[in-house]
Amino acid sequence: MTKVDLLIKNCAEIHTLKGPDRPRIGDEMRDTGRLENGAIVVKNHRIINVGPSKEIEKNHDARETVDATGKTVIPGFVDPHTHLIYSGSRENELKMKIQGKTYMEILKEGGGILSTVNSTRRASKQELKEEALKRLDTMLRHGTTTAEAKSGYGLDMENEIKCLEVINELNETHPIDLIPTYLGAHSLPPEFSDPGEYIDFCTHEVIPKIAEEGLAKYCDVFCEKGVFTAEESRKLLSEAKKLGLKIRVHADEIENIGCSTMAAELDAISVEHLVKTGEEDIKMMAEAGTMGILLPGTPFMLMEKEYAPARKMIDNEMAVALATDLNPNCWTESMQMIITLACLQMKMTPSEALTAATFNAAKAVEKDDIGSLEKGKKADFLVLDVPNHQHIPYRFGGNLVKEVYKDGKKVV
Ligand code: NIG
Ligand code: FE
């Protein structure tokens with residue numbers, strides 16, 4: 001009998017996501033390593049065994065045992081695209097959207113990103129932390145155990161650094177692991193009238209400081225018509241790469257201006273949004289091994305009919321992950337809700353969506369020790385109060401999470 005810390009037994013389903021240790025593509029996305037009547041064993045914060053419950057129970061003497069009869073166990077959700085740090089809210093824009101105003105029209109009238117920049121600049125570090133903390137607690141209750149978090153509502157040196165420091169400090173204290181991204185090129189700030197000059201400022205003044213202080217792992221840009229062109233984005237990202245930051249890109253969200261191909265050429269870790277991405281772009285990204293992060297909450301909240309062509313991507317063997325895009329325009333902390341939208345609006349199957357929200361999402365933030373339930377991986381997993389994973393997209397708008405384990409410790 002091996003002495004262990006925790007045993008979760010009699011699980012109706014465990015989805016181990018066991019498989020090749022690289023982003024899953026095509027058919028592989030439908031194989032979630034489903035095990036009926038399984039058990040999972042934890043020792044020293046790591047998973048040491050997963051298998052048939054009866055067998056596992058015989059060989060392990062656990063300090064604590066949880067009976068998960070009728071429940072489903074999956075890896076903790078990884079949310080690889082969030083704008084976690086902002087102050088205030090923009091509920092007033094919902095009425096404008098209902099009346100037919102587009103995202104870009106609202107932005108041009110001083111709403112959108114720039115109104116959040118105003119409130120975020122005014123907020124102290126402590127205030128920003130408190131606002132973000134509430135969102136992190138909600139994310140955790142809904143099953144997110146790791147998340148990427150972008151700056152991008154400060155824009156100037158002082159406020160971008162303030163936001164990145166908040167992310168790094170929250171990472172030290174909150175159970176959710178956070179990965180910081182610098183998104184200074186999110187919008188042209190009011191102090192600048194020329195996007196090229198602002199890109200120069202980000203490139204030559206802000207990024208060197210961020211790199212020197214180790215405040216961010218990634219550099220991102222909102223590459224979009226009317227925001228930053230593919231060439232401006234290329235300039236910024238190439239310099240960021242030279243200074244040791246890895247890159248991710250907001251691309252093809254509203255119009256396709258060649259950003260996803262530019263990102264693939266620069267070996268971006270991921271290209272995100274991809275609503276307007278064409279077949280040729282998909283083939284190129286599949287070939288380059290670029291990860292697409294799909295954010296179906298965004299077209300949903302913008303009341304757009306078009307969603308990212310997830311089916312074409314999966315069928316062309318391009319790797320895809322899912323994320324919330326949590327921001328004041330698309331305020332959801334729930335990866336469960338995103339899975340519902342992925343299935344209903346983008347025609348992903350429940351298994352594909354589960355892979356995209358766990359294993360592939362972990363790969364999208366380059367984390368190799370999470371995203372699957374296998375020997376040696378971190379014990380980050382969820383007990384869902386449902387008998388199988390198809391309930392996740394099916395029972396929308398609620399919270400199916402019964403328990404959350406982070407590093408083997410029950411945190412919800
Ligand atoms: O990913 N599109 C750019 N950035 C965010 C939205 C930011 C905002 O509207 O505040 C996004 O959707
Ligand atoms: Fe975004």
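Nothing here was measured: the structure is a model prediction, and the numbers come from that model. Each residue takes its place number in the sequence, starting with 1. Side chains are part of it too, since the values below use all heavy atoms of this structure and drop only hydrogens, waters and symmetry mates. Note that ligands are numbered from 1 as they come in the structure, with each ligand's atoms numbered from 1 the same way.
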* Asked: Can we say E255 and K276 salt-bridge, meaning some charged N sits less than 4.0 Å from an Asp/Glu carboxylate O?
  -> no
* Of all the non-hydrogen atoms in the protein, which one sits nearest to atom 9 (O) of ligand 1, and at what distance? -> Y103 OH, 2.6 Å
* Asked: Hey, is the main chain of G408 close enough, under 3.5 Å, to the side chain of D5 for a donor-acceptor pair?
  -> no
* Starting at CD of E13, measure out to CD of Q390 and round the result to the nearest 0.5 Å. => 7.5 Å
* Structure fact -> Checking distances from the Fe ion (ligand 2), one finds that the N, O or S atom of D325 closest to it is OD1
* **Atom name in H81, limited to N/O/S, at shortest distance from the Fe ion (ligand 2)** => NE2
* Proximal ligand 1 atoms for H81, defined as those under 4.0 Å from one of its heavy atoms -> 1 (O)
* Looking at ligand 1, does any of its N/O atoms fall within less than 3.5 Å of an N/O of R90? -> yes
* Asked: Looking at D325, which atoms of ligand 1 are within less than 4.0 Å of one of its heavy atoms?
  -> 1 (O), 11 (C), 12 (O)
* What do we get for E253 next to ligand 1 when only non-hydrogen atoms under 4.0 Å count, side chain, backbone, both or neither? -> side chain
* Would you mind telling me if ligand 1 is within reach of the side chain of E224, the backbone, both or neither, using heavy atoms under 4.0 Å? => neither
* To do: Considering only NZ, NE, NH1 and NH2 on the basic side and carboxylate oxygens on the acidic side, decide whether D220 and K150 come within less than 4.0 Å.
  => yes
* **N/O/S from C330 sitting under 2.8 Å away from the Fe ion (ligand 2)** => no
* Interatomic distance, L215 atom CG to L164 atom CG [nearest 0.5 angstrom] -> 5.5 Å
* Any idea which protein heavy atom is nearest atom 1 (O) of ligand 1, and the distance to it? -> H273 NE2, 2.8 Å
* **Top protein contact for atom 4 (N) of ligand 1, by heavy-atom distance** => H186 NE2, 2.8 Å
* Just which atoms of ligand 1 are under 4.0 Å from any heavy atom in Y153? -> 7 (C), 8 (C), 10 (O)
* **Ligand-residue contact atoms, ligand 1 with N327, heavy atoms, under 4.0 Å** => 5 (C), 6 (C), 7 (C), 8 (C), 9 (O), 10 (O), 11 (C), 12 (O)
* To do: Over 60° means perpendicular and under 30° means parallel, so classify the ring planes of F201 and F192, tilted if in between.
  => tilted
* Asked: Would you call E93 and R90 a salt bridge, using N to O less than 4.0 angstrom?
  -> yes
* Nitrogen or oxygen atoms of N329 and ligand 1 under 3.5 Å apart -> no
* For L382 and E403, what are the C-alpha separation, side-chain angles and deciding distance, and is it a side-chain contact (heavy atoms from CB on, under 4.5 Å)? -> CA-CA 6 Å; L382 314 176; E403 286 166 11; over 6 Å; no
* To do: Check step by step if ring pair (Phe, Tyr, Trp, His ring centres under 6.0 Å) holds for F228 and F222.
  => CA-CA 6 Å; F228 298 104; F222 187 12; 8.2 Å; no
* the Fe ion (ligand 2) to H83: any N/O/S contact under 2.8 Å? -> yes
* Considering only NZ, NE, NH1 and NH2 on the basic side and carboxylate oxygens on the acidic side, decide whether K129 and E169 come within less than 4.0 Å. => yes
